[in-house]
Amino acid sequence: MFIENTQHFDLKQTFECGQCFRWNEQQDGEYIGVVGNYVMGAKNVNGGIEIICADDFFAAQYFDMDGDYAKRKNKLQCDEIIVKAITNGHGIRLLKQQPWETLVSFIISTNNNIPRIKKIIELLCENFGDKLIHSNKIYYSFPTAETLAELNVTDLAVIRCGYRDKFIIDAAKKVASGEINLQKISNMSLEQGRSELKKVTGVGDKVAECVLLFAYQKYDAFPKDVWVKRVFDRLYSVDEEDIDSFVRDKFGDLCGLAQQYLFYYGRQLL
DNA sequence: CGCCAGGCGGGGG
DNA sequence: CCCCCGCCTGGC
């Protein structure tokens with residue numbers, strides 16, 4: 001699949017804006033990632049972007065190629081700060097990620113740093129995922145809830161995730177048993193989805209919002225991590241407890257997308 | 001060595 | 001109800 005217009009698509013910005021953990025830049029500049037049971041490639045060629053995937057329809061969906069970013073950006077341009085943030089991260093696209101993988105990934109992300117988050121997720125996949133072969137190399141899919149539900153915290157010692165091990169097992173058991181139905185969250189309101197996800201021990205507001213935004217395209221979800229809090233403190237002079245109502249008023253039902261531009265901007269600026 | 005990193009749960013006030 | 005503390009681990 002070839003994307004000619006890169007006005008709203010930049011690989012580095014999309015993969016490194018904090019929403020995903022399994023895309024890695026290779027020596028030659030190509031990004032390789034595992035999505036579902038596909039090993040996908042993405043690279044800049046001839047002024048456009050080439051996506052390599054065995055299923056182009058799947059890839060187009062994952063990258064939200066039908067999403068109208070010109071329109072979305074227009075709706076957000078209401079002050080000079082967000083305008084700068086959008087200019088800075090003009091090529092960010094919110095990926096349509098898989099709920100189970102997103103849930104576990106952001107459980108792992110708590111009180112943790114990005115290199116270590118990525119390392120733990122790869123160990124989880126290598127130890128408990130399925131082998132996938134792609135151009136003579138071995139990759140691993142993200143393990144299913146059913147697979148992880150059979151494990152105990154001792155089995156998870158190999159991934160070195162610290163105290164998060166019990167949270168991962170808890171999530172797996174609740175999803176595999178049907179106590180939590182990830183499918184149903186698609187049709188739930190933001191509030192319902194949030195409380196459903198928070199049934200998992202180790203899932204609080206931050207993790208729940210990330211899953212709702214990155215896996216369910218609920219663009220009114222608004223994760224508040226330390227960088228977002230920093231942006232609202234230093235650039236908007238808004239106190240932490242006032243952020244939710246402030247962004248609701250300002251950015252409406254696209255506040256989650258605004259969050260992504262501001263997060264990426266803040267990480268570089270502050 | 002101490003501190004922190006894209007939070008969270010539990011306990012005490 | 002709110003605040004605050006400890007937490008696995010690895011990197012600096």
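Because the structure is predicted, anything quoted here is derived from the model rather than measured. Here is the naming used below: chain letters follow the sequence lines, and residue numbers restart at 1 for every chain.
Within the model, atoms CG of Asp64(A) and OH of Tyr69(A) stand 5.0 Å from one another, a figure rounded to the nearest 0.5 Å. Between the CG atom of Leu151(A) and the CG atom of Asn127(A) there is a distance of 9.5 Å, given to the nearest 0.5 Å. The CG atom of Leu76(A) sits 5.0 Å away from the CG atom of Leu254(A) when rounded to the nearest 0.5 Å.
Rounded to whole Å, the separation between the C1' atoms of dG11(C) and dC8(B) comes to 22 Å. To the nearest whole angstrom, the two C1' atoms, one in dC3(B) and one in dG6(C), are 15 Å apart.
For the segment residues 249-260 of chain A, no residue has any heavy atom less than 4.0 angstrom from an atom of DNA chain B. Scanning residues 262-270 of chain A for heavy-atom distances under 4.0 Å to DNA chain B yields Phe263(A), Arg267(A).
Checked by atom type and distance alone, the side chain of Glu240(A) never pairs as donor or acceptor with a backbone atom of Lys229(A) at under 3.5 Å. Although no hydrogens or angles enter the test, the distance criterion places no donor-acceptor pair under 3.5 Å between the side chain of Glu4(A) and the main chain of Gly48(A).
The distance between atom CZ of Arg164(A) and atom P of dT9(C), rounded to the nearest whole Å, is 9 Å. One atom, CG of Asp205(A), and another, C1' of dG6(B), lie 15 Å apart when rounded to the nearest Å. The NZ atom of Lys199(A) sits 15 Å away from the P atom of dG9(B) (whole-angstrom rounding). Taking atom NZ on Lys224(A) and atom C1' on dC8(B), their separation rounds to 14 Å, with Å as the unit. Put simply, CG on Asp233(A) is 17 Å from P on dG6(B), counting in whole angstrom units. The distance from atom NZ of Lys166(A) to atom P of dC8(B) is 14 Å, rounded to the nearest whole Å. Ile117(A) has its CD1 atom 14 Å from the C1' atom of dC8(C), to the nearest Å. With rounding to whole Å, Leu156(A) atom CG is found 13 Å from dC8(C) atom C1'.
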Would Lys218(A) and Glu209(A) count as a salt bridge (Lys or Arg N to Asp or Glu O under 4.0 Å) if you check the C-alpha gap in whole Å, the side-chain angles of each, and the deciding distance to 0.1 Å? CA-CA 9 Å; Lys218(A) 295 195 184 295; Glu209(A) 298 295 296; over 6 Å; no

Lys43(A) and Asp28(A): salt bridge (Lys or Arg N to Asp or Glu O under 4.0 Å), yes or no, with the steps? CA-CA 9 Å; Lys43(A) 56 186 173 184; Asp28(A) 62 0; over 6 Å; no

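Nucleic acid contact class of Val207(A) (heavy atoms, under 4.0 Å, all strands): sugar-phosphate only. The residue Ile114(A) sits close to a base: some heavy atom pair falls under 4.0 Å.
Taking the side chain of Tyr163(A) as heavy atoms from C-beta on, and the options dG6(B), dC8(C), dC8(B), the nearest nucleotide is dC8(C). Closest contact between the side chain of Thr110(A) and the listed nucleotides dG7(B), dG6(B), dC8(C) involves dG7(B).
The stretch residues 164-181 of chain A participates, sequence neighbours left out, in these side-chain hydrogen bond (donor to acceptor under 3.5 Å, both in side chains) pairs: Asp170(A)-Lys174(A), Asp170(A)-Thr201(A). Among pairs with a residue in residues 102-125 of chain A, those fulfilling ring pair (Phe, Tyr, Trp, His ring centres under 6.0 Å) read Phe21(A)-Phe106(A), Phe106(A)-Phe214(A), at least two apart in sequence or across chains. Applying the side-chain hydrogen bond (donor to acceptor under 3.5 Å, both in side chains) rule to pairs touching residues 95-105 of chain A yields nothing, sequence neighbours excluded.
For the 3.5 Å distance criterion, the side chains of Gln268(A) and Tyr264(A) qualify, holding a donor opposite an acceptor.
Heavy-atom neighbours of Gln183(A) CD from other residues, nucleotides or ligands within 6.0 Å: at or below the threshold of 12.
Not counting sequence neighbours, the partners of Tyr31(A) by the ring pair (Phe, Tyr, Trp, His ring centres under 6.0 Å) test are Phe15(A). Legend: residues meeting salt bridge (Lys or Arg N to Asp or Glu O under 4.0 Å) with Asp10(A), ordered by chain and number and at least two apart, are absent. Residues satisfying the ring pair (Phe, Tyr, Trp, His ring centres under 6.0 Å) test with Tyr236(A), not counting sequence neighbours, are Phe232(A), Phe246(A). For the ring pair (Phe, Tyr, Trp, His ring centres under 6.0 Å) test, residues two or more places apart in sequence or in another chain that qualify with Tyr38(A) are Phe58(A).
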Using nucleotides 10-12 of chain C, report all nitrogen or oxygen pairs with the protein that are shorter than 3.5 Å.
unit_1  : atom_1 : unit_2    : atom_2 : d
dG10(C) : OP1    : Arg160(A) : NE     : 3.2
dG10(C) : OP2    : Arg160(A) : NH2    : 3.4

Enumerate the protein-to-nucleotides 11-13 of chain B contacts in which both atoms are nitrogen or oxygen and the separation is below 3.5 Å.
none

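For DNA chain B, each stem of at least three Watson-Crick or G-U pairs (distances under 3.5 Å) is given as range with range: B:2-5 with C:9-12, B:7-13 with C:1-7.
Between Phe167(A) and Phe214(A), the residue whose closest nucleotide on DNA chain B is further toward the 5' end is Phe214(A). Mapped onto DNA chain B by nearest heavy atom, Gly202(A) and Asn112(A) fall at different nucleotides, with Asn112(A) at the one closer to the 5' end.
Here the closest heavy-atom approach between residue Ala145(A) and residue Val175(A) is recorded as CB-CG1, 3.7 Å.
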